[in-house]
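Working notes for the structure below.
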Amino acid sequence: MSERKDFLRTIVEADIKSGKVKEVVTRFPPEPNGFPHIGHAKSIAINFGIARDYNGHCNLRMDDTNPTKEDTKYVEALKSAVEWLGFEWKDDVCYTSDYFPRIYDYAIELIKMGKAYVDSLPEDEIREYRGTVKEAGKRSKYADRTIEENLELFEKMKNGEFKDGEHILRAKIDMSAANMKLRDPLLYRIRHVEHFRAGKTWAVYPMYDFAHCLSDYIEGVSHSICTLEFENNRDIYNWVLETLGLTPERPYQHEFARLGINYTVMSKRKLLELVEGGQVDGWDDPRLPTIAGYKRRGYTPESILAFCDSVGIAKANSMVDVSQLEFCIRDDLNPKVPRVMCVLDPLKITLVNYEGNEEIETSYYPHDVPKEGSRKLPFSNEIYIERDDFMQNPPKDYFRLTPEQSVRLKGAYIITCKEVIKDTSGNVIEIKAEYSKESKSGSDTSGIKVKSAIHWVDANAAIKVEVRLYDRLFSVEAPEGVADLNANSLTVIKDAYIEPAVINEKPDERFQFERQGYFYADPVDYTDAKPVFNKIVGLKGSWDKKKTKTETVPKIRAKKEQVDGEVVAMSDAQTALFTKYTQELKLNSEVANTLARDSQLSAFYEEALSEINSPVSLANIVTNEVARELKQMQISELKFSTSQISQLVKIIDDGTISNKIAKQVFQEMVKSGDNPSKIVEDKGLVQISDPAIISAIINEVMAKNPDNVEKFKTGNTKLLGFFVGQVLKSTGGKANPQVVNKLVAEMLK
RNA sequence: UGGGGUGUCGCCAAGUGGUAAGGCACUAGUUUUUGGUACUGGUAUUCGGGGGUUCGAGUCCCUCCACCCCAUCCA
C-alpha cells in the first residue's frame, strides 16, 4: 500500500482532524441501469476503501430515481460485483426509492419557502428558456405562482392527476447563473411508470440533483465522492442542503477523475450497444471491461483491486495503459497457480529411439514458487510440441529446436531432430527425432548443452481441450465505435492438447500454461467431456515482442507548435498608468502591466505608495503577494491595510528581515491583521547576517551531510540549494540567504 | 471577454519555495530446465509555453496555449 495519501484521503483526514466529521461515511451509489465495469471497481475501491481506512462505513445505494431505465437484474449485478471485490456494505442495500417520501416532504418544504415552483412550460420551451452557455436564460411566467397554488399543483402531480410532462417542479435559483446547472434546475417530473421497487405508488420522481444530496444527508454520509463530470452539480448539491437548512453533519461532495483504459470503452451506453448489437457474447464476455467479464475471463478480485490502487486517484483526465492491468493479474497469479503444459498448435514428434512409455513425476511449481504439489507426466515415443518451437531456417537468436539445435522437453529428455517430414505443399507435418537416454531431467549425465526447454504433451495421453484466446476488443487506443473493433479479438482453438492431470486431478481453476500465459477454466462452458479454458493474459515474452517490434510504426511526434494568443489591448487609462509606472517609477514592464490592468491592485499600490517612497519593492509585494489575496476578496475585506504593507516594505528595505521572512510575515498579516513590526518582534524574526554565526551553522550542516559534501565537490552543483536550504531551515528561515549563499559557495570549494 | 476543471517521462502519479518520489512500459546485465519470475543497473539538467518575484520556482504572481465537463423532464 502506498505511503502517500491521495487527495481524497488527505481531505478526509483533515476533516477528522478539524472535527468537521465524527464518523467517516461514504457510499457507492450506482444507478441500476447497466452492468458495472472496472470504472465502478475504482469507485468501489475508493468508497469502501476510505471507509475501511478510517473506521467508518460505506453504504451500497441504488440510485434508482428513473423508473424507465432501471431493473432488478442490474441491482443483482451490482451487488455481486461489490461482494466479489470483497467488500461489505453496512446493513441492507439502500435504495433512493426508499427515501421518496422524505424527499417529497423536502420538496414541499422548498415550495413553502418560496424556493420551488411548479412550471408548466412544455419541454422544448423549458430548454429554450434556459438560454445558452453564453447567454442568460429567462424565467418562466409560471415562476410567479403563489405558494398555495404550487402546493396544490404539486399535490395533484403526485396524485397522478396530470399527464407526463404537463408540469414540473423546479427550484427557484437564478436563470442567469453562469453555471447552467443553477438555472432553476428541475426537481421532480411526472412519470406514469411502474417503478421496479416502489411499484405504482408514485406518479412523480425526483431528479438526480435533488435526490442525491438528500439521500446522502439521510444516510449520514460525510464524504460524497463522485466523478469529475459532477463538478458543476456541486453548487446545486450545496444549494439544496443549505436552503433546507440541513447544515449540521451534512455531506460534502468531492470529485475525482474517472478511470479510462486504452483499447476499450468504458461507458454504459457503449457497452450496452456492444452487448445488444451482438458484437460480444453478453455482459460477461471476457473481452469486456465489465466486472462480470473480467471475472469470467479469470481475473482475480485481488488483481483488480491492486490495479485500482496502482492507478491512483487524481483530478486529471487520464487513460491508463492496459499493460498496467495486465501486470497486476500476472503479478497476482505468478506466485499462486500451478504450471502445466498445453500445446495449442501441435506438431508431432516421433522419437525413433524410444520404446514403451513412462510417467515422470513433476512439480506443479517452479523453483521460485514456494508451493507443494506435483503430478505425473506421461511420456512415450509420440509427443506434440508447439509448432513455432521448431524452425528449419532459424534466425541467429532462436533458442528452440532446429535441424542443428537440440532442445530439452521440459521435465523430460533432450531431443535432437533427425528428419523433417513435409506434405506435398511443403508444410512441416512431423519430425523424427532421437532422445538422449542420459539426459533425463534431474539425472542428466549426457553433457549436452541446450539453449532452452520447451513445453510438450504426450500425444497418446493428452486430452483435447478448447482454448479461447482473447485479444484487445478494439484495435485503436481510443475507440469511437464498432468500426474500431478488432476483428481478431477472439480466437477459438478447438483442438489444443493438455496434459491429463489438469483435467483428471483439477489441482486448481487457474493455471499457467507453461511459456504461454495464464488460463482459467471457463466457469460457464467447461464440462469434463469438453473442457474449455480462457486465456487471462499472456506471459511477458521478450522473444515474440522482438519479432513483432519491427512491424510497429515508429511514432513520429511533430513538435507541438505553441501559438501565442493575442493579449487584450489596454484601455487608455490603463496605458497611461502603465507609462507612468515604467517611466516615472521605473517598474519593470511585467509588474507595471499587472498593476495597470488591475484597478483594485493599482488603487492599493497608489495608496501604499503615498506612505513610502519605495516604488519598486512595494510594487513587487503588491503584484505578487497582495494580488493573491485580492483574487479571493475585495480590498475592503482585507485584514491588512495599505500602510501596513508600506511598513513591511520598509523593514525589508532596511534589511531588518529578508524577503523570505517577509512572505512569512505577510501570511501572518493576512490572518491576523497585525502590524509587521509586531509580528517580527513577537516571533523574533529579525534576520541573521553575521557571517561568524552563519559559518558555524554551515559547518554543522556539512558535518551532518558528508555524502552530499562529497557529491558537491565531485561536481553536483545542484546541491548548493540543498545546503542553503538546510542552513535556512536550522535558523528557522532567519539567516540572511544572500550571506548564506555566498558563504556556502566559499566553504564548499 | 460564459462558467467549472486539468496539464510533472511513452502511460499513470507523488511532490510544506531548498538534491524532480514510486509504479507500468522500455532497456542492459545476473540467476533460471518457462525467452516467465526474482535481483541489479539505465532511463525528466526539467514540470504545457513565455515573462515576473526570489539568493533559490514544478511550487508564488501575470499572461498565453491545449484538453475535459456543463444548455436530458439521464445519472
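If you're wondering where the values come from, they're calculated on a predicted model, not measured in any experiment. Reminder, nothing fancy here: chain letters follow the sequence lines and each chain counts from 1.
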Side chain of A:Ala314 - closest among B:rG23, B:rA13, B:rC74: B:rA13

Closer than 4.0 Å, any side-chain N/O of A:Arg130 to the OP1 or OP2 of B:rC73? yes

Under the criterion side-chain hydrogen bond (donor to acceptor under 3.5 Å, both in side chains), I'd like the reasoning laid out for A:Glu326 against A:Gln324: C-alpha separation, chi angles, the key distance, then a yes or no. CA-CA 5 Å; A:Glu326 292 174 347; A:Gln324 190 141 346; over 6 Å; no

Remember a base hit wins even if backbone is also touched, and classify A:Arg597 as base, sugar-phosphate or nothing at under 4.0 Å, heavy atoms. nothing

Please state how far atom CZ in A:Phe230 lies from atom P in B:rG3, giving the value in whole angstrom units. 23 Å

Side-chain-base donor-acceptor pair under 3.5 Å for A:Ser441 and B:rU33: yes

Check nucleotides 18-21 of chain B for protein N or O atoms closer than 3.5 Å to its own N or O atoms and list the pairs.
| residue | atom | partner | partner atom | Å |
| --- | --- | --- | --- | --- |
| B:rG18 | N7 | A:Lys660 | NZ | 3.3 |
| B:rG18 | O6 | A:Lys660 | NZ | 3.3 |
| B:rG18 | N3 | A:Gly721 | O | 3.4 |
| B:rU19 | O4 | A:Asn708 | ND2 | 3.3 |
| B:rA20 | OP1 | A:Lys718 | NZ | 3.3 |

Spacing of the C1' atoms in B:rC70 and B:rG17 (rounded, Å): 36 Å

Do A:Asp216 and A:Arg27 come within less than 4.5 Å of each other through their side chains, counting heavy atoms only? yes

Base, sugar-phosphate alone, or nothing: which one does A:Thr65 contact when heavy atoms must sit under 4.0 Å apart? sugar-phosphate

Within the 4.0 Å heavy-atom criterion, would you say A:Gly442 contacts the bases, only the backbone, or no part of the nucleic acid? base

Set of ring-ring contact (aromatic ring centres under 6.0 Å, His included) partners for A:Phe307, sequence neighbours left out: none

For A:Arg339, which contact category applies under a 4.0 Å heavy-atom criterion: base, sugar-phosphate, or nothing? base

Which part of the nucleic acid does A:Gly411 contact within heavy-atom distance under 4.0 Å: base, sugar-phosphate only, or nothing? base

Taking NZ, NE, NH1 and NH2 as the nitrogens, is one of them in A:Glu229 or A:Arg258 under 4.0 Å from a carboxylate oxygen of the other? yes

Would you indicate what A:Arg408 reaches in the nucleic acid, counting non-hydrogen atoms under 4.0 angstrom: base, sugar-phosphate, or nothing? base

At 4.0 Å (heavy atoms only), tell me whether A:Asn233 reaches a base, stays on the sugar-phosphate, or touches nothing. base

A:Arg400 side chain near B:rU34 phosphate (N/O to OP1/OP2, under 4.0 Å): no

Could you state the CE-P distance from A:Met319 to B:rC12, rounded to the nearest angstrom? 8 Å

Would you indicate what A:Gln512 reaches in the nucleic acid, counting non-hydrogen atoms under 4.0 angstrom: base, sugar-phosphate, or nothing? base

Using only modelled atom types and a 3.5 angstrom limit, is any donor from either the side chain of A:Asp389 or the base of B:rG35 paired with an acceptor on the other? no

Which whole-number value in Å describes the distance from A:Glu625 CD to B:rU59 C1'? 13 Å

Measure from the side chain of A:Ser318, starting at C-beta and using heavy atoms only, and say which of B:rA57, B:rC73, B:rC12 lies closest. B:rC12

On the nucleotide B:rC55, are OP1 or OP2 found under 4.0 Å from the side-chain N or O atoms that A:Gln738 carries? yes

On the side chain of A:Asn624, is there an atom forming a donor-acceptor pair with the base of B:rG52 - under 3.5 Å, no angle test? yes

Under the side chain to side chain contact (heavy atoms under 4.5 Å, CB included) test, which residues partner A:Ser441, sequence neighbours left out? A:Arg408

Rounded to whole Å, the CZ-C1' distance (A:Phe666 to B:rU53) equals 13 Å

Contact class for A:Lys315 (heavy atom, under 4.0 Å): base, sugar-phosphate, or nothing? sugar-phosphate

Using the test side-chain hydrogen bond (donor to acceptor under 3.5 Å, both in side chains), find all partners of A:Ser689 that sit at least two apart in sequence or belong to another chain. A:Asn736

Could you check which nucleotide pairs with B:rA66 in any of the strands shown, counting Watson-Crick or G-U wobble with both distances under 3.5 Å? B:rU6

On RNA chain B, compare the nucleotides closest to A:Thr594 and A:Asn66; which residue's is nearer the 5' end? A:Thr594

Applying a 4.0 Å non-hydrogen cut-off, can you work out what A:Val133 is touching in the nucleic acid: base, sugar-phosphate, or nothing? base

Kindly say if A:Arg515 contacts the phosphate of B:rG35, meaning a side-chain N or O under 4.0 Å from OP1 or OP2. yes

Could you verify whether a donor N or O on one side chain and an acceptor N or O on the other, from A:His167 and A:Asp119, lie under 3.5 Å apart? no

Rounded to whole angstroms, how far apart are NZ on A:Lys138 and P on B:rA71? 20 Å

Would you say B:rC70 has OP1 or OP2 under 4.0 Å from some side-chain N or O of A:Arg234? no

Out of B:rC73, B:rG36, B:rU34, which nucleotide sits closest to the side chain of A:Ala453? B:rU34

Along RNA chain B (nearest heavy atom to each residue), the more 5'-positioned of A:Pro206 and A:Phe7: A:Phe7

Name all residues meeting the ring-ring contact (aromatic ring centres under 6.0 Å, His included) criterion together with A:Tyr142; count only those two or more places apart in sequence or in a different chain, and write none if there are none. none

Quick one: is B:rG3 close enough that its OP1 or OP2 comes under 4.0 Å of any side-chain N or O from A:Asn232? no

Give one of base, sugar-phosphate or nothing for A:Glu31, where a contact means two heavy atoms less than 4.0 Å apart. sugar-phosphate

In whole Å, measure the gap between the P atoms of B:rG10 and B:rU6 for me. 23 Å

Chi-based syn or anti call at B:rU72, which uses purine or pyrimidine torsion atoms and a 90° bound: syn

Which whole-number value in Å describes the distance from A:Asn588 CG to B:rC62 P? 15 Å

Residue pairs fulfilling side-chain hydrogen bond (donor to acceptor under 3.5 Å, both in side chains) with at least one residue in residues 174-184 of chain A, sequence neighbours excluded: A:Tyr117-A:Asp184, A:Arg139-A:Asp184, A:Asp174-A:Ser176, A:Asn179-A:Asp235

Rounded distance in Å - CG (A:Leu228) to P (B:rG5): 10 Å

Can you tell me if the side-chain N/O atoms of A:Ser658 get under 4.0 Å from OP1 or OP2 in B:rU54? no

Short side-chain N/O contact to B:rG35 OP1/OP2 from A:Lys451, under 4.0 Å: no

A:Glu255 and A:Gln253: side-chain donor and acceptor closer than 3.5 Å? yes

Options B:rG4, B:rC73, B:rG2, nucleotide nearest the side-chain atoms of A:Lys134: B:rG2

Expressed in angstrom and rounded to an integer, what is the separation of A:Phe578 atom CZ from B:rC62 atom C1'? 12 Å

Are side-chain N/O atoms of A:Ser439 and A:Asp444 paired as donor and acceptor at under 3.5 Å? no

Contact class for A:Leu601 vs. all strands (heavy atom < 4.0 Å): base, sugar-phosphate, or nothing? nothing

Looking for any heavy atom pair under 4.0 Å, which part of the strands does A:Phe399 touch: base, sugar-phosphate only, or nothing? base

Taking 4.0 Å as the cut-off, does a side-chain nitrogen or oxygen of A:Arg127 come that near to OP1 or OP2 on B:rU72? yes

Would you indicate what A:Phe712 reaches in the nucleic acid, counting non-hydrogen atoms under 4.0 angstrom: base, sugar-phosphate, or nothing? nothing

Taking pairing as Watson-Crick or G-U wobble with both contacts under 3.5 Å, can you name the mate of B:rC55, or confirm there isn't one? B:rG18

